[in-house]
Amino acid sequence: MIRKLLFAAILTQSALLLASPTIKKADPPNWYLGRGNPMLLLYGEDLANAHVTTTSVSARIRRTESSANGHYLFVWLEITPAAKPGNIPLTIKTPSGETTVQFPIANHRPINDGMAGLAPSDVIYLLMPDRFADGDPANNDPAISKGNYDRSKPKAYHGGDIKGVRDHLSYLHDLGVTTVWMTPIVDNDNTPGYDGYHGYGAIDLYGVEEHYGTLDDVKALVADAHHQGMKVFFDWVANHTGPRHPWVADPPSPTWFHGSVQKHQSPSYEFPPITDIHALPAEQDHIRNGWFADILADLNQDDPHVAEYLTENAIWWIEETGADGYRLDTFPYVPRSFWSAWHKSLHDVFPRLDTIGENYNGDPTVVSFFLGGRSILGYDTGLNTAFDFPLMYAIRDVVSKHASATKITDVLRRDWLYPHPERLVTFLGNHDMDRILTAAGGDRQALKNAFSLLLTERGIPQLYYGDEIAMAGGADPDNRRDFPGGFPGDTNNAFTTSGRTPEQQEVYAYVQKLLKLRHDHQALTSGKQWNLFADETAYAFLRENGADRVLVGFNNANTPRTLKLNGREFPFLAVKAFELLQGAGNASRTADEISLEIAPHSVTLWLAK
Ligand SMILES: [Ca+2]
Ligand SMILES: [Ca+2]
């Protein structure tokens, strides 16, 4: 909102003839030196047959193209070698008059100021800004979107915002989190009653949702996070826009979307046929081109203007804020050819930046198909890593449904499918499924066992806000309850030790200790993983980084278990003793044998010395 006003303020209407042509908005609103030649999408009236000129030495007009109805004008700029930071005046002349707008360009951000990607030691925390903490009650019910705030309604805005995240970075830091991933913060639908609180219904890909704050708030959050040694990942959606994005009723080009509101393919969420070279092309098109939930307008990334728009948008958010990477929504529903070129453009300017794909499927052959690092079907997607849905399902089934522990090793056995299995983002749950505690029937010990496995297995873990304080919640939106202590009038403040209930503190302290162990032991973050034993009710593995070795024993049975491991086998040859790190089990060794005694329904961690 604020950004739009700023842009309006720098318009200089020469107004030779009243009311035409007019420019209401420019995407992107500004650009950077050294970041390529931007394509501007101008929104306005009477823009058909426009001729664009500039007096600036910083830019040259490469070409222009207007929509048939005169509502949109594309302007391709070439930034010249002589370019300097400042405003580029663009004069738009049509048969009915002319107007001049100023387009700002600035120096790009120093290459080490953010854009840092993921490291093996990182721990990601997913939060929904609306549901984490209300740092500014003044933005709870903004005039432009009045009536969408109601804490008693699970699908209304609850008042959480960017300031609330800023205010609680130290809570996350103390827990051991290094990286914050927020669900989308872009401007969402203002229609009364629309459930835009989740952020996935964009109406402006360059705006910040007014319930969350301003672009300055976002910049301040990223700067504060970096100051505390933390990173920020944005949630970015290439597949679709919200149903009330202005483009939906009035597209900038005839091929902007796959179809229209009136005529489009229905959605299919069963995307594995995309990974099947024997599937019929029509079936694949149906998956890629269908409208999500039958209402989210499916962008056509094969339209070169759409592709250029989306690529610039991704570069703009990173340049503007210094954020460290993207979580990429609905990754498989967008063509590999687009992702390949998009990643190349992004990595050319931000070589350290990482992307995490939402390849929502439990089959490693499906998840791995979309990963970058190798060419499949003619394209390397460039995707840096992906969420490990297969391992998530396996851990959930084992800890909450007493499935065989071999389910976990069966997933890990397929790690050869991934270019970098150690960089997969592992997790127990997210905003699209019931909470792990609820899936486990409210069993806090099962929750703790799940955390023990998550934070010791290979991969870069992601926590879902509130799981660390044993929050409960069923399917969406019950899994998106407000974090206790983040909102006015909360009597339970789980952000502080003294404010937490004994049950919250029990799980919080357990997770914090695990994260401290990860921090202290490189074996857990970058060590080799050796799976030593797995059967119906038990699982043991070792993480090894040189002399740093952490042994993990999991007993999922209701009776004590003693696991016998071969002591003469690599990697136990050099191990002489075991030091208890967490849990209550007992480990001992003879020349031939390692013996692990593990209490029922628990996980024990030892340092193998
Ligand atoms: Ca607020
Ligand atoms: Ca699509």
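All ligand and atom numbering here is 1-based and tracks the order in the structure.
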* To do: Kindly assign one of parallel, tilted or perpendicular to the pair Y197 and Y157, based on the angle between their ring planes and the thresholds 30° and 60°.
  => perpendicular
* Structure fact -> Per residue D161, nearest N, O or S atom to the Ca ion (ligand 1) is named OD2
* Going by the angle between their ring planes, with limits at 30° and 60°, are F234 and Y326 parallel, tilted or perpendicular? -> tilted
* Asked: In terms of heavy-atom contacts, does OH of Y379 have more than 12 from other residues, nucleotides or ligands at under 6.0 Å?
  -> no
* Is there side-chain contact between R244 and T191, with at least one heavy-atom pair below 4.5 Å? -> yes
* Asked: Taking atom types as modelled and ignoring hydrogens, do the side chains of N300 and H258 form a donor-acceptor contact shorter than 3.5 angstrom?
  -> yes
* To do: To the nearest 10 degrees, could you say what angle the Ca ion (ligand 1) makes with OD1 of D134 and O of G159?
  => 70°
* To do: Could you please compute the angle at the Ca ion (ligand 1) from OD1 of N139 to OD1 of N140, rounded to 10°?
  => 90°
* Nearest 10° is fine: what angle sits at the Ca ion (ligand 2) between OD1 from N239 and O from Y333? => 80°
* Closest N/O/S atom of D136 to the Ca ion (ligand 1), by atom name? -> O
* Contact flag R288/the Ca ion (ligand 2), N/O/S atoms, threshold under 3.0 Å -> yes
